[in-house]
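For clarity, every value in this text was computed on a predicted model and none was experimentally measured. Labels below follow one simple rule: chain letters A, B, ... track the order of the sequence lines, proteins then strands, and each chain is numbered from 1.
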2 protein chains.
Amino acid sequence: MAGQAIKIELNAVIVAVAGSDPQILIDPSLALPSGPFETGHRTLEQGLRNWAKSKSDQPLGYVEQLYTFADRDRTTGSQRVVSIGYLALVRATPTTEMIWSPWYRHFPWEDHRKGVPPVIAKTIMPGLNAWKAAAPDAAAKRDRAQRITVAFPKDMRHWNEELVLQRYELLWEAGLADETMKGGKAKSAGLGVAMAHDHRRIVATAMARLRAKIKYRPVVFELMPDAFTLLQLQTTVEALAGLRLHKQNFRRLIEGQGLVEETGAMTTGAAGRPAQLFAFRREVFAERAAIGTKLPRSS
Amino acid sequence: MAGQAIKIELNAVIVAVAGSDPQILIDPSLALPSGPFETGHRTLEQGLRNWAKSKSDQPLGYVEQLYTFADRDRTTGSQRVVSIGYLALVRATPTTEMIWSPWYRHFPWEDHRKGVPPVIAKTIMPGLNAWKAAAPDAAAKRDRAQRITVAFPKDMRHWNEELVLQRYELLWEAGLADETMKGGKAKSAGLGVAMAHDHRRIVATAMARLRAKIKYRPVVFELMPDAFTLLQLQTTVEALAGLRLHKQNFRRLIEGQGLVEETGAMTTGAAGRPAQLFAFRREVFAERAAIGTKLPRSS
DNA sequence: CCCACTTATGCTCCTTTTGAGCATTATTAA
DNA sequence: TTAATAATGCTCAAAAGGAGCATAAGTGGG
């Protein structure tokens, strides 16, 4: 049984998008906002919301539980910490003590909007190949080779933007992303800015979840203002996915799904033809619970 | 801070499929197998695996963390319990003290393989409509109406088999699925066999997750024997999804994805033309990390 | 006012994927 | 031999997805 005391901690990955940068809220010591689990709350989520409102001044919008971590070799100190990770989406607002940190600062290899990031060829692949070569036996070597191919495919058309966590864990195992801090400064062999404890892993989990989710649930709108152009929407999705999208087809997709409605207003002042301003149609929740099935149903 | 003691408990929804019945492992008191979190383990999942191996004699195959629950009004007794739910898939084997319980016994409204279950029209809709009518104000009424329509659509072609949890919570809120036990026997207004504590909710979470997952990850194979016919595979998927599938298109889907390979052997003795026996191609993990994107990627 | 540039928006074409169902084949049971 | 039961092959049409051309409507600078 548990002789050791267990502490439960809530960690929140609070995401906002500013222009074309997804950002996460961290404190100056590169740690995620976190707090103890208060037994007074009715549910975990409620506890998180209350705590977030009191601590930062971010009232959380969309909230989703991510994962509960309790790895012994990842937590610091003597006390066993069980950390429950949450993903929260908010519309960006200024903060006091906290910092909005662009998430690609911590994951530079995940941003493929301007082509394949050079760090992959320059640092990551050599590092991973060395790690593969150092495998203890042939089976391990095959396994490592396979994981590398899946996470960082040779042909970048096969890049799967959802595999954020697998990639991070791969880099971590290969010793390319350890979170050792150098006097408060990030290290990590140049592979992005490290974070406190295992927080970068939690962020990776959040990124993966969010990148997957935007494809089948209209969660992006939680990050948008009330009225927005389709380009702004596309830019936000591109920012999250780390990919460029086809403009006309993106429009067709969004409009075809009836996710938005025209507000009647137009943009003004910017370069180019003025764009219509759209608003999210909240009714979609009522209409289409069915999102996408992949099974060949009959009858 | 936490003045109250917190206990961490692992709950496992262990699923197997026997013929055309998905089953979960429970004990005679209708509780999921569960055990305390031992601080000695390296990770939560490892703890679960060790515990499962010692307690039941099920060596767990595929394991996935589901959700961490800590609702105050759902836990019993004075001590606050945080329960971490897991989904595990195993190939059915006999058990000692535990019982394999068909999951549709607890969720009769979820099995649409033989048409819409009568319990929906007979009990559920009247109950939900009464609950809707009893809404305190107009806004709440609209909200309830909407949730009902999404979970139990008028037109059953819009039935979304993934919404297991939403449906269960709806029924629970409407008082149609409360877990009050009558002398160890199930009650619940005829709506399926109740379970201990909030375990039916955990099972609902597991069902929802599994139904979603079989669509984009080859997890069904964890439930299949080494060699199987495509019909057996289809039957298993249908059992999980609670839906009938189109046979030829199912075959096309599976073969087209290269998920299986012929073993060369055929079935014998059964009625009808003998079927080929197939085996899961484990190489698919190596080949196709990319499963399905829904974003209109460019370049 | 005209021109270069920029973004918005409409549409077409072609390829793939899905949905539905017909037809044929190979066994067992009567 | 016939009926019943499954397996398997194939076709056809509809829907969804990928790529790109063409046109419209602004801004900014001569």
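Distance A:R273 CZ to C:dT7 P: 14 Å, rounded to the nearest Å. For the pair B:L277 CG and D:dA7 P, the computed distance is 11 Å after rounding to whole Å. Rounding to whole angstrom units, CD of residue A:Q234 and P of C:dA8 are separated by 9 Å. Computed from coordinates, the B:L233 CG to D:dA6 P distance equals 17 Å when rounded to whole Å. Here D:dG26 presents its C1' atom at 14 Å from CD of A:Q276, a figure rounded to the nearest Å.
You won't find any donor-acceptor pair under 3.5 Å spanning the side chain of A:H246 and the base of D:dG17, going by distance alone.
Of all the heavy atoms in A:Y104 and A:L240, the pair that sits closest is OH-O, 3.4 Å. Of all heavy-atom pairs between A:V13 and A:I202, the closest is CG2-CG2, 3.7 Å.
Remark: A:R105 pairs with A:S101 by the side-chain hydrogen bond (donor to acceptor under 3.5 Å, both in side chains) rule, at least two apart or across chains. Annotation: side-chain hydrogen bond (donor to acceptor under 3.5 Å, both in side chains) contacts of A:Q248 (sequence neighbours excluded): A:H246.
Considering B:E161, B:E162, B:E110 in turn, B:E110 is the only one that fulfils the side chain to side chain donor-acceptor pair (under 3.5 Å) rule with B:R211.
Of the residues in residues 247-254 of chain A, those placing a heavy atom less than 4.0 Å from an atom of DNA chain D are A:Q248, A:N249, A:R252, in numerical order.
Comparing C:dA26, C:dA20, C:dA8 by their closest approach to the side chain of A:L231 singles out C:dA8. The nucleotide whose nearest atom lies closest to any side-chain atom of B:P296 is, among C:dA26, D:dG18, C:dT7, D:dG18.
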Any protein N or O atoms within reach of nucleotides 27-30 of chain D? Criterion: under 3.5 Å, listing atom names and distances.
none

For residues 218-233 of chain B, which side-chain N or O atoms pair as donor and acceptor with protein atoms under 3.5 Å away, sequence neighbours left out?
unit_1	atom_1	unit_2	atom_2	d
B:T229	OG1	B:L231	N	3.4
B:T229	OG1	B:Q232	N	3.0
B:Q232	OE1	B:T229	N	2.9

Q.
Can you give me the dot-bracket string for DNA chain C, 5' to 3', counting Watson-Crick and G-U wobble pairs with both distances under 3.5 Å, using [ ] for crossing pairs and | for partners on another strand?
A. ||||||||||||||||||||||||||||||
Q) Given the rule in the side chain to side chain contact (heavy atoms under 4.5 Å, CB included) test, do B:I148 and B:M125 qualify, once you have shown the distances and angles that lead to the verdict? A) CA-CA 9 Å; B:I148 292 171; B:M125 293 318 292; 3.9 Å; yes
